[in-house]
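This is a predicted model, so every value here is computed, not measured.
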Amino acid sequence: MIVHLNGWPGVGKLTVAQLLAHRLRARLIDNHLLHDVAIRCAGIDDPARWPLYETVRAAACQALADRPRSETFVMTNALRLGAAREREAWRHVVALAETRGVPLVPVVPEADDTVLRSGVQRLERQGRKLTDPNVLAAMIRSDRLPKPDVPERLDLDTTHLADAAAAIEAHLRAVRGRLAPADARHLTLLDAP
């Protein structure tokens, strides 16, 4: 199974994913695991960053595809509907689940503006993640998060991070008997452009 958390910067994806991966004894694949290689090698503003990121992503996806089907992955992302590169990244997640023949459970963590603004300004984000609350506010005003139109999707308020992992685990127990391997249904997004 792949549990994929996709939400705005500052919503607490990594914190929740770490707690969830521990609870599920799952492998955590944080989006910055891939991005940081490209950023550190090429620089955040260098155009060479993106081809390097795509090379790293392809190698990582191949390695993950080869893992036993019984292994659960918890993945994180901050993908937006209005960005072609980010819609392509979602297609790669779906393809990974399809290749492995496992269910894909999308989780969309959400929080109010106050929580998000506070989240992006946390000290540990400096130098590798978005830290400007005004840039985040502009992103939220101009775009939306993709929400796969599948019944196993969970939209989750992460205002209380400590409770969020338990809520996802309870959701997984509730839908487990109805889960099927990922397929093209996961590419149908609500409000897609």
Side-chain angles (χ1 to χ4, degrees), residues 2-22 26-67 71-97 99-100 104-111 115-140 142-148 158 161 164-165 186-187 189:
I2 297 175
V3 181
H4 185 270
L5 285 75
N6 185 64
W8 294 113
V11 77
K13 295 179 300 290
L14 180 56
T15 301
V16 173
Q18 289 169 329
L19 293 168
L20 182 63
H22 177 75
R27 183 179 300 267
L28 174 60
I29 310 298
D30 170 34
N31 56 312
H32 278 276
L33 177 71
L34 307 178
H35 281 287
D36 286 353
V37 172
I39 290 169
R40 289 186 186 189
C41 292
I44 198 162
D45 295 321
D46 191 314
R49 169 189 174 192
W50 291 110
L52 177 55
Y53 166 75
E54 290 166 6
T55 299
V56 171
R57 179 181 61 200
C61 284
Q62 183 57 57
L64 293 172
D66 292 340
R67 301 300 307 160
E71 191 171 346
T72 298
F73 301 157
V74 174
M75 302 178 79
T76 67
N77 261 310
L79 307 175
R80 296 172 292 148
L81 272 174
R85 183 185 311 277
E86 294 173 15
R87 288 192 312 274
E88 179 66 20
W90 174 245
R91 286 191 283 278
H92 283 282
V93 172
V94 173
L96 174 61
T99 299
R100 296 187 74 230
L104 171 58
V105 179
V107 177
V108 183
E110 300 172 326
V115 171
L116 293 174
R117 289 180 70 82
S118 173
V120 296
Q121 295 179 76
R122 289 191 331 262
L123 217 44
E124 63 269 18
R125 296 178 64 89
Q126 295 294 322
R128 59 186 289 263
K129 295 183 175 186
L130 176 69
T131 57
D132 186 336
N134 295 320
V135 171
L136 174 62
M139 288 169 56
I140 293 170
S142 66
D143 212 340
R144 294 179 313 281
L145 298 171
K147 293 188 175 187
T158 58
L161 292 176
H186 287 82
L187 296 173
L189 304 173

N/O donor-acceptor pair under 3.5 Å between [X] side chain and [Y] backbone:
X	Y	value
Thr158	Ala164	no
Arg87	Leu81	yes
Thr76	Leu5	no
His186	Leu104	yes
Arg67	Arg100	no
Glu86	Gly82	no

Which pair of non-hydrogen atoms, one from [X] and one from [Y], has the smallest distance, and what is that distance?
X	Y	value
Ala83	Asp143	N-OD2, 4.1 Å
Thr99	Ala65	CG2-CB, 3.9 Å
Asp30	Leu14	CG-CD1, 3.8 Å
Lys13	Asn6	CD-C, 4.1 Å
Ala60	Leu34	CB-CD2, 3.6 Å
Pro47	Pro51	O-CD, 3.2 Å

message = If I take atom CE from residue Met139 and atom CG from residue Asp132, how far apart are they, to the nearest 0.5 angstrom?
response =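 Between atom CE of Met139 and atom CG of Asp132 there are 11.0 Å.
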query = What is the distance from atom NZ of Lys129 to atom NE2 of His32, rounded to the nearest 0.5 Å?
reply =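 Going from NZ on Lys129 over to NE2 on His32, the span is 5.0 Å.
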Any heavy-atom pair between the side chains of [Y] and [X] that's under 4.5 Å?
X	Y	answer
Val11	Leu116	yes
His4	Pro148	no
Val107	Met75	no
Trp8	Arg80	yes
Leu136	Arg117	no

query = Crowded around Asp45 CG? As in, over 12 foreign heavy atoms under 6.0 Å?
reply =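 No, because the 6.0 Å sphere around CG of Asp45 holds 12 heavy atoms or fewer from other groups.
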key: His22 NE2: over 12 foreign heavy atoms closer than 6.0 Å   =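 Count not over threshold, so no.
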ask   = Do you know which of Leu64, Ile2, Leu96 makes side-chain contact (heavy atoms from CB on, under 4.5 Å) with Ile29?
value =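 Among Leu64, Ile2, Leu96, the one meeting side-chain contact (heavy atoms from CB on, under 4.5 Å) with Ile29 is Leu64.
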Short side-chain donor-acceptor distance under 3.5 Å, Asn31 and His35 =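 No - no donor-acceptor pair under 3.5 Å links their side chains.
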request  = May I ask you to check whether Glu88 and His92 show a side-chain donor-acceptor distance below 3.5 Å?
outcome  =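 The criterion, which ignores hydrogens and geometry beyond distance, is satisfied for His92 and Glu88.
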task = Salt-bridge test for Glu110 and Lys147: reply yes if a basic N is under 4.0 Å from a carboxylate O, no otherwise.
result =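 Salt bridge: yes.
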ask   = Does NZ or CZ of Arg85 come closer than 6.0 Å to the centre of the six-membered ring of Tyr53, within 45° of the ring's axis?
value =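 No, Arg85 does not sit over the ring of Tyr53.
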